[in-house]
Amino acid sequence: MFERVTILGAGVAGVAAAWAAAQRGAALRLFDGGLGASCLAGGAVDDRPWDEVARSAEVLQSLPRASSLPEAVRIFADDLGLWRLPPEGALLPRLATSAGRTRLARGHDRALLDLATLPARARIALPTVSRPEWDADHLARALSADAYAESRALRFVAGEAKLLKHVGEDRIPPAELAMRHDDPDRRGYLVERLREMLARTGHVDAILLGPWLGCLDGQAEAIGEALGLPVGEILGEIGGAAGLRFEAARAALLDPLGIGIEPYQARRIGKAGEELYVELESGERVVSDRLVIAVGGVAAGGIVYDPPEQHATRGLPESGRVPWRLSIAGRLGFQARGRRLDVVGSIHGPALDGEAWPTDADPGLLECVGLATDGFAAIPGGELHGARIYAAGDVVADRPRTVLQAVFAGIHAGAAAGGEPGALSA
């Protein structure tokens, strides 16, 4: 008999869980209540926090190289078809940021330009475009002064180009401009304008643009092939084209599996007898055998900071309690920094000015707090005791908030929910 599996959240963790559960024959329903971190990301794909990797490489005075990835993660990434993930031992990608600095990544959206693949002393052109998020002259100077660029003698130069075609394109959101380049005619216009820029700037080894190269995968490669040199984007801002590319790749992955995303927010998790159910905002009760929670952490709203004093009036709060709760009602255990939070509480919440922000190797409380798990099984209490509930992604306590960690957790949670726990290599 097929397991009835409900998955809450359709970011990378939820999609990976759905992918893994579907391969095990589960009867799936996938719900997504709104935009989360995956749909707002800028295009970098990390396994560990990139700044930790950079510090380790600096201390060891070695070139940072790609670590191995679990086979299931690689298979999922291949099926998704969105990211470039260098093989084990290859140099880690180096991405340009809008702050005029470069940063390491384990992988990246294929539309981004990987500076590590360019030769030493490469000359990279940035077209001048009248856009609020883009200042080619200042960005070129800042990137040329970056320590990584100086170590490889990379030179960034601004080149005059008329990439905007219609009135008002200097003010529309970057994602909308990117969508316009999905049209073949508009993409051809972009190629011609870049050719004109190359004729004026002379020899360059690559072109670096803002996050405008289409919302469908493969546009950057097509433009690069037409021009005969690498073309790619800078690391995008929140809510740009990279998130739309993820949504398109997500649909292309799930549709052949017969999995649709139902746009409903879950309000409550409960049990009726031995049956587990999820109550939706529509009032529908979805009964299932197993549940995967992948609703994101504090940043995405999956975990809510709700200290007792927030509800106090003139006096002290009526009682002490844990200052964190899941965005969905239901008794599940919380944890941060290896300490269970569902058994302790106080009248006041934590001193966020001292605990919330990262210091040295401590990522900060807001990056640690989440659901307590045994492996990837959540720890339910109260009326949910004994329910088969799994958690994945940023909602899980004390795991790095990175894309590949979310994929890894999602695959394991989905495999367990689908009836085949322990089937994947760590």
Side-chain angles (χ1 to χ4, degrees), residues 41-67 83-129 133-159 201-211 220 224 229-238 240 242 357-364 367 400-404:
V45 177
D46 298 304
D47 53 353
R48 294 173 291 162
W50 72 270
D51 51 340
E52 292 182 8
V53 177
R55 284 197 298 269
S56 298
E58 184 177 352
V59 169
L60 297 174
Q61 295 184 336
S62 62
L63 291 174
R65 295 186 178 275
S67 58
W83 305 320
R84 176 181 172 266
L85 297 173
E88 181 181 2
L91 286 175
L92 285 180
R94 179 74 66 155
L95 308 176
T97 73
S98 59
R101 291 293 178 262
T102 67
R103 70 96 131 180
L104 291 167
R106 179 59 182 82
H108 59 89
D109 181 316
R110 294 180 185 275
L112 273 61
L113 181 66
D114 179 8
L115 301 178
T117 62
L118 302 180
R121 301 185 181 280
R123 191 167 183 254
I124 303 112
L126 288 72
T128 56
V129 182
E133 76 275 8
W134 188 255
D135 186 331
D137 294 292
H138 286 86
L139 194 55
R141 285 196 291 270
L143 287 170
S144 295
D146 176 75
Y148 172 78
E150 288 187 332
S151 71
R152 301 190 60 225
L154 302 181
R155 293 176 295 160
F156 296 82
V157 296
T201 57
H203 172 77
V204 299
D205 298 282
I207 299 176
L208 178 66
L209 297 101
L229 77 172
V231 175
E233 295 178 350
I234 201 166
L235 189 63
E237 301 288 346
I238 292 175
W357 317 117
T359 55
D360 298 326
D362 182 359
E367 289 287 314
R401 272 41 175 161
T402 64
V403 170
L404 293 178

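Note that the coordinates shown come from a computational prediction; the quantities given were computed from them, not determined experimentally.
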Hey, are the side chains of [X] and [Y] touching, using non-hydrogen atoms and a 4.5 Å cut-off?
X      : Y      : answer
Glu233 : Pro211 : yes
Pro127 : Leu209 : yes
Asp47  : Ser67  : yes

Review point. Looking at Leu115, Leu139, Asp146, Val204, which hits side chain to side chain contact (heavy atoms under 4.5 Å, CB included) with Phe156?
Key: Leu115
Exercise: identify the closest heavy-atom pair between [X] and [Y]:
X      : Y      : result
Leu126 : Ala136 : O-CB, 3.7 Å
Asp205 : Pro119 : OD1-CG, 4.4 Å
Ala158 : Thr128 : CB-CG2, 4.1 Å
Leu229 : Ala206 : CD1-N, 3.7 Å
Ser144 : Ala149 : O-CB, 4.1 Å
Ala44  : Val403 : O-CG2, 4.0 Å

Check your understanding: Can you tell me if CD on Glu237 sees more than 12 non-hydrogen neighbours from other groups inside 6.0 Å?
Key -> no
Check your understanding: Crowded around Leu91 CG? As in, over 12 foreign heavy atoms under 6.0 Å?
Key -> yes
Can you list the residues that meet the salt bridge (charged side-chain N to carboxylate O under 4.0 Å, His left out) rule with [X], with sequence neighbours excluded?
X      : value
Glu88  : none
Asp114 : Arg84
Asp46  : Arg103

Point to revise | Rounded distance (nearest 0.5 Å) linking atom CD1 of Ile207 with atom OG1 of Thr201 | key: 7.5 Å
Practice item. Look up atom NE2 in His108 and atom CH2 in Trp83, then write down how far apart they are to the nearest 0.5 Å. Key: 12.5 Å
Practice item. Apply side chain to side chain contact (heavy atoms under 4.5 Å, CB included) to Ile124 and Leu143, showing your working. Key: CA-CA 10 Å; Ile124 303 112; Leu143 287 170; over 6 Å; no
Hey, does the side chain of [X] reach the backbone of [Y] with a donor-acceptor pair shorter than 3.5 angstrom?
X      : Y      : result
Arg55  : Trp50  : no
Arg106 : Leu404 : no
Arg123 : Val157 : no

Exercise for review: Could you walk me through whether Leu104 and Arg94 pass side chain to side chain contact (heavy atoms under 4.5 Å, CB included), step by step?
Suggested key: CA-CA 5 Å; Leu104 291 167; Arg94 179 74 66 155; 3.6 Å; yes
